[in-house]
Each structure stands twice: as structure tokens, then as C-alpha cells.
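Beneath this line is the structure, given in C-alpha cells, with notes to follow.
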Amino acid sequence: MSPILLAEQVLNGLQSGVMLFLMAAGLTLIFGVMGLINLAHGSLYMVGAFAAATVAGLTGSFVLALVTALAGAALAGALMEVVVIRRLYARDHLDQVLATFALILIFSEGTRWAFGSFPLYLDTPDWLSGTVQLPGGITYPAYRLALIGVGLVVGVGLWWLNARTRLGIRIRAGENDREMIAALGVDIGRLYTLVFALGAGLAGLAGALVGAIQSVQVGMGEPVLILAFVVIVIGGIGSIRGALIGALLVGLTGTLGSVLLPELFKLFTDASSAATLGSAFSSMAIYVLMAGVLIWRPTGLFGARS
Amino acid sequence: MIRTTLLAAASLAATTAAMTAAAQAEVKVGVITTLSGGGASLGIDTRDGFMLGMEQAARDDIEIAIEDDQRKPDVAVQIADKMIQSDKVDILTGIVWSNLAMAVVPAATAQGKFYLSTNAAPAQLAGRGCNPNYFAVSYQNDNLHEAAGAYAKSEGFSNPFIMAPNYPAGQDSLAGFKRYYEGDLAGEVYTQLGQTDYAAEIAQIRASGADSIFFFLPGGMGISFVKQFADAGIDLPVMGPAFSFDQSMLPALGDAALGVKNGANWSKDLDNEANAAFVSAFEEKYDRLPSIYAAYGYDTANLMLSALEKAEPSDADAFRAALKEADFDSVRGDFKFDTNNHPIQDIYIREVVKEGDVLTNHLVSTVIEDRSSAYVDECKM
Amino acid sequence: MTRERLLNAALVLALFAVPAWALWADEPFTITLATRAVIFALAAVGLNIALGLGGLVSLGHAVFFGIGGYAMGILASHAQNYTPIMEAPFLIEGTKSMPIIWLVAVLASGLAAWLIGLLSLRTSGVYFIMITLAFGQMAYFFATSWPTYGGEDGLSIYVRNGFPGLNTLVPIQFYGICLAWLLLVLALNRALMRSRFGLALNAARQVPDRVRAVGLDPPRLQLVALVLSGAITGLAGALFADLNRFVSPTMLSWQMSGEIMVFVIIGGVARLFGPVAGAGFYVLIEHWLGGVSEYWQIFLGLVLLLVVLFGKGGLVGMIAGARK
Amino acid sequence: MTAVLAATDLRKSFGALKATDGVSLTLREGEIHAIIGPNGAGKSTLIAQLCGSLAPDAGTVSFLGCNVTAQPVAARARMGLARTFQTSALAMEDTVLQNALLGALGASGKPWHFFAPVARDRGLKGRAEAALDAVGLADLRDVRTADLSHGQRRQLEVAVALTLEPKAFVMDEPMAGLGQEGSAQLTSFLADLKRTAPILLVEHDMDAVFALADRISVLVYGRIIATGTVDEIRRDAAVREAYLGDEA
């Protein structure tokens, strides 16, 4: 494999990692602050994609579509929090898993009921179509490059929010001591709704961004959801930094695994079987990575030690 | 809603029955297809095409039960059991997916029921596992991939890159392509089932020096790949089976699909009377263009009706013979069954074009005439 | 307690009455449906040992269910095709005999549970949920892409496997086998809950520190619980595969794990008959709502949500009141 | 006289904080050895190391003459080291008797019986009931633990420890949250209990400590600044300084 191709694959891995980060950041934030495990996070991703596809179809504006996706998913998230989620904070993980599993069913079939069973159309904007030449002779799709950029901007934004704003201080306080900040007069209910909406908005944004290069359809959220869980578990639940590192690790492992493993098997067997075997093992690669990390560090790379 | 629900006496034993006709029905048909969850669009088209055929015939002695398999094999088996045991159906049909067909068909035919496939037709059931009561009205799974292979050969491509998901239908797909193409390959890649990001594969394609691309990625996978491929700025001819470029998929694909050549055994501009009538009737009734699944569903209904004209399913031998005659006007033109109960038909190449604002397919050429299936000799029947 | 006993008795009665009614009314499909409920209940009883008694929230029980299924599929398909599974170093042939299949299913899924437990029990809480999910996904993807036994297409067995003296193709007879297993396992589960092991495991869930302080080792107790749990769910998987005469990777999917968990929670966690009530309710709802609307899963979701939010203790808890 | 339980130069740091800084102490046959010290002195960390739930960075713990530094909690418990917890660690959903049975079960070392009901296990039951009798909870044996009063839970904690027929007790603030009457009761109970096995007592209640202890060690900032009899400790200058801020 040529160095250029390898470099391009590394970029691909980064790009998929960055998108996973958008999902994982919300999940890990919600877990860190509220102690809630939210399986329905993938549904918010789907809501974002559907909102974007609808708005883009009506107005033709991609930027407007993204804004709607973010706002729409944040709104859906806030609604979800107020109606259902806030009743779950005091419950154990088991109840949370089941209730949010139920939410997946409701969201998925509800979306299908509203939008039909056919995939929707959402495309990249003209000004981001085509490719750009990167140094070293790499040809790379402009849109994917933009995705990496957006992911980094969100990452920096989250860091800024966390470290430099009042909201961030409250969020960190909420992670450490719930009773204390309630005693200090912070409206903890509103803080939770806000955090949940923030996480939901990020998921919606990811859904819209990825929806433009994938298929906008019911059920699109679940595979991403599972990957996002893998990411936050690897990174350590509650840690934004862990989510970023975990997302990049998972993105790179997934992409490079699917490229390199078949090459590896070609050393032992014919091209067709190597392709089959390589694909079989690469599909398990990230889960092996996760199991490995947990066995080595039972609370993830950046998780709080018990 | 086609179905009515009867709640049986005990609430612990609710039973549904579905009917279009009164209780004096003489023939019962069970349609098992995917109506909810991912992949529902294919099942809905199958059902709508099938029901269009049934409604045109307007026979009140045929009772039809339709159930949603949720694309889950165990649910499909459960429904089949129910239809056979409780509803006492004579004929089953409607399954979209090969894995569901493999779960249902062998057991159903073993119990003496007829199964007419509106889509899935896996290799096992065409070869060693063939059964006199099993008829594939659609095709044999490999056919449309073979068409793409034949097209690649006729176009003089010498270095195609081929790709499919890593599961039996995907492996059959690439085998089908290679069966008719026979030349060198720039690369052969198996992706993951359900994969949504193809950046890595696209980079490999770019680096491989391929002169064309063949891929089989059903459902959302195909939409993702085509969009991403269009963005990658690689200017190569693209081929695939009809599934990813079918009418139900095109709106989600957008202009990215323009110009793609796809292997099919039906197209809405196929020039025969039955097809013209079908297309206009479907559009009128459902207010959308028919997909290839709708066409298969419609043909299946008409094949079944033609056989019912001649015999009752209770007389299995006579009914089987009547089915085998295929005495109906297929929307695909000439149609007959080979010894393994799979069709012998022409296979075409279509191209995705734009008619006004609407994306659709046009016929380009006939690439294989009177194609049967690769497994016909393995069928001892 | 008496109300719970009454409910349990009613459930057992229903397990006999429903198929009896179906037999009388000539509704064989109701028997099939009841068989499905009984098998799901058995799988959930298995999970309930880990989850209810052991406090191990496993989102990977589909692995054991699927391994049981594939034990049946692999053995029976080799017998069906007259090809041995292995010739060297010694000959292993397929079989169509249920008792042997059950034994293999129980051993294989128990072994898998032991391996998964050894690695997973290093973690706890959400990490445990997620690592079991990860093992489930590994098994799922492996089964999907491993072509030898059908991959995504799965394995179809044309004729149900045999049990000496019975015709398993007759729905009521196969139901009888499944019901016998369920009742036997429930009896064992009841004994287990009252045994030394049950006492220790129950305490290990609530106060692991205390259990350590009296000289017992919570992870070892939990590992054994997981093995028992996995083996029972594996047995259910073998029966489920035999019910459908078919096995595929869907049995290994995370949705399957979720469904088994749903049976337990709707029914009532750590309640002896919770899984039975939950699985019965689920099959009923699925069947009934599925007949009402294409979008029945919305209603299923709503029902689940209501049970979790407002029905503490699941169905058994709602009907029979809080424990003790 | 040989020590039943002994710590030698234990050290444990969390980052820059030296929670245990070279602690050596012994627990002798027949005595109550109290450990006192202001909040944050490192008492809980010390207990955790003695009982095995926390591994020291350096130093050794020996019990009955064996070096148990590397042994986990359960192994030390099986050897006869019984502890009670500061906040009751009891199975709240279970009955009083079941909690006591758990202790007896742990002492038996045989939890791998899957079918025989515990309720008919004479050996275990006898042991558990004897322990409940000893602390005066016999009448409440079928009450759910969650329904016990705070004081009763403390008694149950002791009962569970008793079922182990231990060679030594480690008690983490057994008086905490008890009223005056409760404290007095427990005090007299512990005074008898030390004949069964010596007690390492971590306690805030100074009345109880001064009434019970044969020896006292004072822990400040991870170090033992004094060990001695009640009178010696009362007079100790360093102790006065630590507690009262007196200049020596």
C-alpha cells in the first residue's frame, strides 16, 4: 500500500472518529452530569438528519438545514428530558436502559409514520462538493475535510464552554456534587434540561452532517449509537477528553482495520477468501479494542478510578 | 388497512385473521413481507404491486392475509406457522430477503404449501434445495449481477473494482459478476453488512487504477456509497444490480446516481402491453412510479391468478402444472420457468436518467437473452 | 406474598390452560405462540439469575441464546447433510437428537458465559453493560460474516429434531417439552434463590463489601451466576431454534439481548415468575398490536415506558405488590 | 505476649497526600485497642489496609503471625478477621436472620450449595441465631433489615461479625449515630466481647473509648503520635497539642 493511500485512510479514520465524537460528547456529558445512560441518543441523531433533509428539500439551503437540525434535535431532546428522562435520574441503570430502549421504538416508528418508509434525500452543498488537493498529492473530498473541521471546532467549543463559561462551571459542579449546587441556588432541573438539549443538539448536528453523505432513513441512529457507546466506554464515561481520544481510536481502528486486515490475510490465502476473512475480523476489531481496553483499565482510559 | 382483527375468546389467545373477501373464500393466500422498520419500503412496494394485480382480477373467492415480518427471520417463521396452522393458507408469498426466505421456504414447502417468491431467490433453493412447490417469479439472485458482469465484458472493461457486503448474498453477487465477466480485477472488497461509511473503500478504488466499478450494496448501504462516491470526484463507469438504483431508492440518491448502469430484468419503459398497463395503473392507484419489487409482486399475483383459473391448490399436482405453464402476461415480456422453477428471461442493462425532475431508469440494452440460472443442473427435480 | 403466590399459580394454570383450550378449539397456532412465550420465558429466567439475583445488567445475553441456537443448527445441519462435523483426530457426527443438542447447548453457552464473565466481571456498572454489549456485537458480526454455517442467511433445518417417544412436529408435544423445561428450571431457580449460593449472591448484589468481609468473593459468586444464567439462556436458544427450525445471527443481535431484558423487567426483576409474566405479556402484545397497526412498535414502546416509569416491580410487582 | 494483628510501617499516599505515613501498631490478645484522631487523620485508610480493601504502598500487615499484606479482604476474613462498617453494610432487602446467616455462611466457607434451602441448614442457622441472641436481636430475626432502627442495625453489624467466630474484630465507629442509651449498651457489650477476641476500635465517642480501651493510639495526619493507656494518653503533650492546640 502506497504512503499516499495510507495517509488518505488515516484521514478517513480521523473523519469518522470526529463524527463519532459529536455523538459521544453528548452521551458522555449526559452521563457525567446526570448519571443517565441514554440509548435513545441515536434517535436524536436521526431526528437531526430528518430535520435537515426536510429543510434542505424545502429551502435548498444546507446551512439552514444544519441550523434546523441542531435546533430541532435540541428541542426534541429538551422535550424528551422534560417528559421522560428526568423521571429516570434517580433510577438504576436497568430502568434507564429499558425506558430509553422504549424511546427508540417510539421515535423510530413515529418517524416512519410521519415520513414514510422511504429514505429521504439530503446532499452535500455545491460549495463543498468535489475534492481538494492536499500537500503530498492526496486527493480528498472537500466535504469530509469540512467535517473534520466542524468536529474540531465543536471540540474546542466544548472545551471553552467547560473551562471558561458559567455554564461550564455549573456543569462541572453538577458532576461533582449535585446537592451542593442545588443548595447554592442553581436551578438544577433547568441545568439538566440544558445539558440534555446540548447533547441532543450535537447528536442532531452529527446526524445532519453525516446524513448528507449517507442514507437518511429510519434506524440510522442505532449503529452509530452503539459505536458512540464503545467510544465513551473506551474513553472513560463522563470524560469529554476521553470521548475525543476514544472516538479517534475507534475511527482509526475501524477504517484501518477494514483496509489492512484483508491485506494481511492475502499473505496466507487467495484474494477472495482474504477479502471475506479480513472483513469478518475487521467488523469485530473495534469491539476487541474495547474489550481489551476495559480489561486493561476497567473504567476506560480517562474514567474516574473507583 | 387490509386486515381486520378478531379477538378470540380468551384474551390470552388473540388471533388475527385478515381478509379481503367474505368467509366463503376457497383459496387462501398468505403474504409475508417487511412493512415496518428498515427495509419496509421494499415490502410495501411488493405488497402494493401484488394487491394491484389481485384487485384488477376482482375475485372474491380468494382470501389474502398480509403480515409484517419486521425483517426478522424468527418473526417470518412464526407468521408462516400461523398462516399454515391457523389460517390454513394454500399459497405463501411476499418475502423480500434471502435470509428470511431460507427460514420460511424449506419448512413451508415441506408441509406441502406452495411458495411463490416475489424477490429473494437464494442459490440453495435454485440448486440442491429446489422444491416442486417453490417457484421464483422474480429471478435467481445471481441474475442481475451476471447482467452487470456481461455488460462489463461487452463494454470491454478490463480492470473493474468489485465490492459487496460480507454475507452470503454479497458473496453470491461477486461470484455472479465474475461468472460473466471472467477478466482481471482491480480489486475485490467485502464491506461490512450495514456499513454506512465507504471512505476507505473509495480511497482504495482511487488508488487501484480500476477502469470501472461494480458494487452490490442493498438498501441504505447503496445510498451511502453512491453519494460518497459522487463526492470523491472519481470519474469511472459505475455498474450494479437494479436494487440500489430502483425507483424507491432514486429519490434518496439524487443526481449522484445519474448515468449508473444497472442490471435488471424489468424496467418501466420495457415495451410490452402488460407493462404499460401496469405502470399506468400503479401510478394512478398509488401516486408514485412502480419499483422493480412492485413489478415482481404484480407478476406474482398474475401468475397465481393464471394458475387458479386452471386448477385449485388443493389439487396440488394440477395446480403445480398450471403454475409451471406460466400462462400469464408478464410485465417482463417473454417468461417461462426452467426445470428448477426459476424463470428463463431476458436480462437488461438500465441507465439512471432524469425525466424532467424525476429520476428514473431507461433501458439500454439486452445483455443476456433467455437467462436461466447457474444452479439449474444441481436441481434434481 | 400470598398474592404473589396466587399470581404464580394463575400463571402456571395459564401455561396449561391456554394450550388445552387451543387444542380443543383447534387453534394450533395459539400453541405455537404459547411455545414461543414459554421459550422466551425460559431465556428470561436465565437472565433473571444474573440480573435479578446477581445484579449483573448484561446487555449481551443474546450471545448465549444464539450459541444455544447455533448448537442446534450446527449439529442438526450436519446430521441433515450426513457430513461429520470433524473427522480428525476423532470423528464427531451431527445429531438430530434433542437431548444431545441440549447438552451441547448448555455446555457451550455455559463455557461462553464463563469466558465472557472472566473478562467482564473486572468491570462494573455501565462498563459492565457495555462490555457485555461489545461481546454480543463481536459474536453477531462473527456469525454474520462466517460463511461456513450460512452467515447472515442462517441455517435452515427441514425437520424438527427428535425426542425419544415423542413426535416433536406435533405442536402440543413440542410445547410439552418446552413447558417441562420451564417448570423444571423455575423449580431449580426457586431452590437456588433459597440456597446458600442464592443467599450469598443476593447479598453480593446489595453489599459486596459485606460479602467480602465475611470471607466470600463476590466476583466468583457472580461468575458462577453468569455461567448458570448463560447456560439456561443457551438451552432456551436451542429450543427456540428448534421451534423455528432455523437459526440465524438475529438471535445474536443486541436487539435480542434488549428483548430478553425487556421480558425480565416488564415481568418483574428478581421475581421468580417475573420472566414468565413478562414473556407472556410481550408475545401477547406483539401478536395483538401487530394485528392492529403497522406502527405497533410505537405502542409497544409506550407500554414499556409506562411500565418502567410507573410500574415499579413490573407486572408481578403491580399485581402482587412490593416484595415481602 | 504476641500480637494478634500487627501493622509495621504502613505507608499509603494519594498523590501528594500521605494518608498513612509509617504506621505501626499491634492488637494483643484480650484487649481493646482504640484508635482515635481528628477527622481526616487517616483512620479509614488505615482500616482499609488492615482489612485488605486497600493495598499499602509499603509496610506489612500480619495476622495470627502470618504476613497477610498481599491477601484480599475475603482471605483475611476467612482467617478470622471480622470487621464492622462505619455506615451499616447490610443487605437491606433481606431479613435480620438472613444477614446473620450470610456471616455464618462466610465462616463455613462453603457457599457452593445450589439446591438445599438455607432455612433448613441447622449448622448455619444455629450459628446465626446464637449471634443474634448475643446482641439481643433474636426477637427481630424475621424483620426486614431496612425496617430496623439505626441502633439495631449497628447491633446487627456486630452480630454478623460474631458469626465469623473471629480471632479479632476491627470496628469502624460502632457508636456512630447511637443515642446515649444505645452507646452505653454497646459499651458494656463490647467490654464483654473482648474476652471472645481482641477488638481494634476506631471511635469518635470519647466516653466510650475512655471507658473501654486498654490501650489507645492517636492518629494525626497519617502518623501515630502516641500509644498508651488511657491515663498516659490523657497526659500526653503531643496529644494535647493535636486536639487542643496547647503549646507543649
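Any value given below was found using the heavy atoms of this structure, including those in side chains, with hydrogens, waters and symmetry copies removed. Chain identifiers are assigned alphabetically (A, B, ...) following the order of the sequence lines, protein sequences preceding nucleic acid strands; residue numbering begins at 1 within each chain.
With chain D as partner, the option from C:Leu201, C:Val211, C:Val224 having the largest number of non-hydrogen pairs under 4.5 angstrom is C:Val224. For the set D:Glu157, D:Arg83, D:Arg120, the entry with the most heavy-atom pairs within less than 4.5 Å of chain C is D:Glu157.
Heavy atoms of D:Leu124 lying under 4.5 Å from chain C belong exclusively to its side chain. Only the side chain of D:Leu164 comes within contact range of chain C, with at least one heavy atom under 4.5 Å from a heavy atom of that chain. Interface remark: D:Asp121 contributes side-chain atoms only to the contact with chain C (heavy atom separation under 4.5 Å). Within the 4.5 angstrom heavy-atom criterion, no atom of D:Thr163 approaches chain C. Heavy atoms of D:Ala75 lying under 4.5 Å from chain C are absent altogether.
Shown here for D:Pro111 and C:Leu221, the closest heavy-atom pair between the two residues is CB-CD2, 4.2 Å. Residues C:Arg210 and D:Phe85 share a closest heavy-atom pair of NH2-CD1, 3.6 Å. Nearest heavy-atom pair, C:Leu216 versus D:Ala74, reported as atom, atom and distance to 0.1 Å: O-CB, 3.5 Å. Across all non-hydrogen atoms, the minimal contact from D:Leu102 to C:Ala200 is CD1-CA, 3.9 Å.
With contacts defined as side-chain heavy-atom distances shorter than 4.5 Å, the pair D:Glu93/C:Arg205 qualifies.
One N or O on the side chain of C:Arg196 and one on the backbone of D:Lys110 form a donor-acceptor pair closer than 3.5 Å. C:Arg194 places no side-chain N or O within donor-acceptor distance of the main-chain N or O of D:Pro117, the cut-off being under 3.5 Å. Panel note: side chain C:Gln206, backbone D:Leu90; no donor-acceptor pair is recorded below 3.5 Å. No side-chain donor-acceptor contact under 3.5 Å links C:Ser195 to the backbone of D:Ala116. Of the possible donor and acceptor atoms, one in the side chain of D:Arg78 sits under 3.5 Å from a partner among the backbone N and O of C:Gly215.
Partner of C:Val214 under the side chain to side chain contact (heavy atoms under 4.5 Å, CB included) criterion, out of D:Asn99, D:Leu105, D:Val73, D:Val160: D:Val160 alone.
Separation of atoms CG (D:Leu101) and CG (C:Leu199) is listed at 6.0 Å; rounding is to 0.5 Å. Considering CZ of D:Phe114 and CG of C:Leu188, their distance stands at 11.5 Å, rounded to 0.5 Å.
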Carefully, step by step, assess C:Arg220 and D:Trp112 under the rule side chain to side chain contact (heavy atoms under 4.5 Å, CB included).
-> CA-CA 10 Å; C:Arg220 273 181 73 195; D:Trp112 311 114; 4.0 Å; yes

